[in-house]
Amino acid sequence: MAKLIQAIRGMNDILPEQTPYWQYVENVFRQLMQSYGYQEIRMPIVENTALFKRSIGEVTDIVEKEMYTFEDRNGDSLTLRPEGTACCVRAAMQHGLLHNQTQRLWYTGPMFRHERPQKGRYRQFHQFGVETFGLAGPDIDAELILMSNRLWHLLDMNEDVTLELNSLGSAEARQQYRGELVKYFEAHQSELDEDSQRRLHTNPLRILDSKNPDMQKLNDNAPKLIDHLDAESKQDFEILCKILDEAGVKYKINPRLVRGLDYYSKTVFEWVSDKLGAQGTVCAGGRFDGLVEQLGGKATPAIGFALGLERLISLLEIPEKIQRENNLDVYLVLVGEKALSKGMPLAEKWRNEIPGLKLQVNCGGGSIKSQMKKADKSEAKVAFILGDDELDKNMLTIKYLREKKEQEVIELDSIAGYLKSNV
């Protein structure tokens, strides 16, 4: 007997009993985007490897350890996308969306990183992403944070997440701060863990983002970037905080929040939860004003955020109504040859007359008893029983599966009216 082939570790199937919850969250997100005037963009999952090396930075965990990179038959180096921002920038540049225009875009889909699978963190994972281009002021920063805040309220999980904020300042201010940081860590080099030793002269800001508890005290005493901001970044950050205060959005300023990718500048933020273990970030974003220019375009202000669907869904208490909304309205039981030949056309007629009707026709035959068992298992509200005798009388039997009501017999010509009133 051949050995069963199973899914690749960290790449999971989403089974039929789980998909209603995914659809629920996707629909909420899609409606939220429409309410703010954002447009969907769809990018391929495979990109040129150079896109991520130039955007994310070669001295990052993603590029160094986590990317799924391979050569195709032409010898080109390709990578399964590890994140969506660089792809969105590439697409916007390639198709002229950034030329003297502002853009508010969103996307969703799978991303890929080769890391140790754990709760809410997989090798194939799904993200919602939002990116805006051509807007330089802190007002758009505030809009994205307010939008994400609204999402938590729509999903009834606003009590499960908290907002952390920081500013990385301009590239020039960050470069000066970088020198201060290197000097500080060099004075404590013997206390640095292996990852931090490696990052000291290549990406010292990432040391502040270390999840190693042994680095906590050292990082707490490090110089704070927010104390070294340039005047413009400081003013923008103050305006952002004022807008959030006016809107009643609570936040914590976290001077150690630096984000893991090289292209961020000025505002960065994360929504975090204490219900996800060590990997507590649910949603994260920030400004990437230099990325378009870094990828060969004209300097363009930009900001965005992304959130992981797996983590989000693991936090949600999905309302029971979501499951009920996905249940069938009708299961059509067919008994006899005449009923079998007439049943499918009748089902199509009712679907035409009642848009949105969720009706499943019994296929594969079976006794009325076995078909009724299938009807009950289907979670349908009612079973329509159509036999040869009923057809001769132009009638149909309705059996209620979820209510304590007597079954009834009605004329076939009245079924459309019944469905309009009862589903």
Side-chain angles (χ1 to χ4, degrees), residues 1-7 11-28 126 155-156 309-310 313-314 316-423:
M1 186 175 179
K3 184 179 179 181
L4 288 175
I5 298 173
Q6 299 199 345
M11 299 187 179
N12 301 328
D13 301 305
I14 301 168
L15 301 178
E17 61 264 27
Q18 300 165 321
T19 53
Y21 309 139
W22 286 71
Q23 291 164 357
Y24 167 66
V25 174
E26 289 162 356
N27 288 336
V28 169
H126 298 77
L155 294 173
D156 196 24
L309 262 173
E310 282 84 356
I313 289 171
S314 72
L316 279 179
E317 293 183 13
I318 304 290
E320 285 184 18
K321 67 175 184 177
I322 302 308
Q323 187 63 57
R324 291 199 301 270
E325 285 172 1
N326 283 274
N327 288 345
L328 291 172
D329 298 312
V330 179
Y331 189 95
L332 179 57
V333 172
L334 303 174
V335 184
E337 290 185 15
K338 192 187 298 184
L340 188 62
S341 64
K342 295 284 187 180
M344 286 284 184
L346 275 172
E348 291 303 302
K349 175 176 180 288
W350 296 330
R351 290 187 183 106
N352 290 337
E353 292 172 339
I354 314 295
L357 175 67
K358 297 189 285 292
L359 181 153
Q360 187 173 98
V361 181
N362 183 81
C363 291
S367 66
I368 187 169
K369 184 178 179 181
S370 68
Q371 291 190 52
M372 288 304 300
K373 283 184 179 179
K374 291 179 185 177
D376 191 54
K377 191 176 180 181
S378 76
E379 299 288 338
K381 296 173 187 173
V382 298
F384 283 180
I385 303 170
L386 186 63
D388 291 351
D389 292 343
E390 282 92 347
L391 268 176
D392 290 338
K393 299 173 185 175
N394 200 41
M395 305 292 280
L396 177 148
T397 300
I398 301 174
K399 183 171 179 61
Y400 293 90
L401 303 174
R402 310 289 157 230
E403 300 175 85
K404 290 184 177 180
K405 291 173 68 173
E406 292 291 324
Q407 68 181 37
E408 52 185 299
V409 179
I410 66 173
E411 293 183 0
L412 285 175
D413 296 339
S414 302
I415 289 296
Y418 168 86
L419 290 170
K420 286 176 184 176
S421 303
N422 292 276
V423 301

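Note that the structure is predicted; figures quoted are calculated from it, not measured. Start at 1 with the first residue, then count along the sequence.
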Residue among V361, I410, V333, L396 satisfying side-chain contact (heavy atoms from CB on, under 4.5 Å) with F384: L396
Is there a donor-acceptor contact under 3.5 Å from the side chain of [X] to the main chain of [Y]?
X	Y	result
N362	G365	yes
N422	Y418	yes
R402	V382	no
Q371	G366	yes
D329	K358	yes
E353	W350	no
E403	Y400	no

May I ask you to check whether over 12 heavy atoms, not counting those of K374, lie within 6.0 Å of atom NZ? yes
Heavy-atom count around D376 CG within 6.0 Å, excluding the residue itself: above 12? yes
Would E310 and W22 count as a side-chain contact (heavy atoms from CB on, under 4.5 Å) here? Give the steps. CA-CA 9 Å; E310 282 84 356; W22 286 71; 3.5 Å; yes
Going through the distances and angles, do L412 and M395 end up as a side-chain contact (heavy atoms from CB on, under 4.5 Å)? CA-CA 5 Å; L412 285 175; M395 305 292 280; 6.0 Å; no
Measuring from E348:CD to R351:CZ, what's the distance to the nearest 0.5 Å? 5.0 Å
Supply the atom-to-atom distance I354 CD1 to K420 NZ, rounded to the nearest 0.5 angstrom. 5.0 Å
Evaluate K349 against I415 for side-chain contact (heavy atoms from CB on, under 4.5 Å), listing each step before the verdict. CA-CA 10 Å; K349 175 176 180 288; I415 289 296; over 6 Å; no
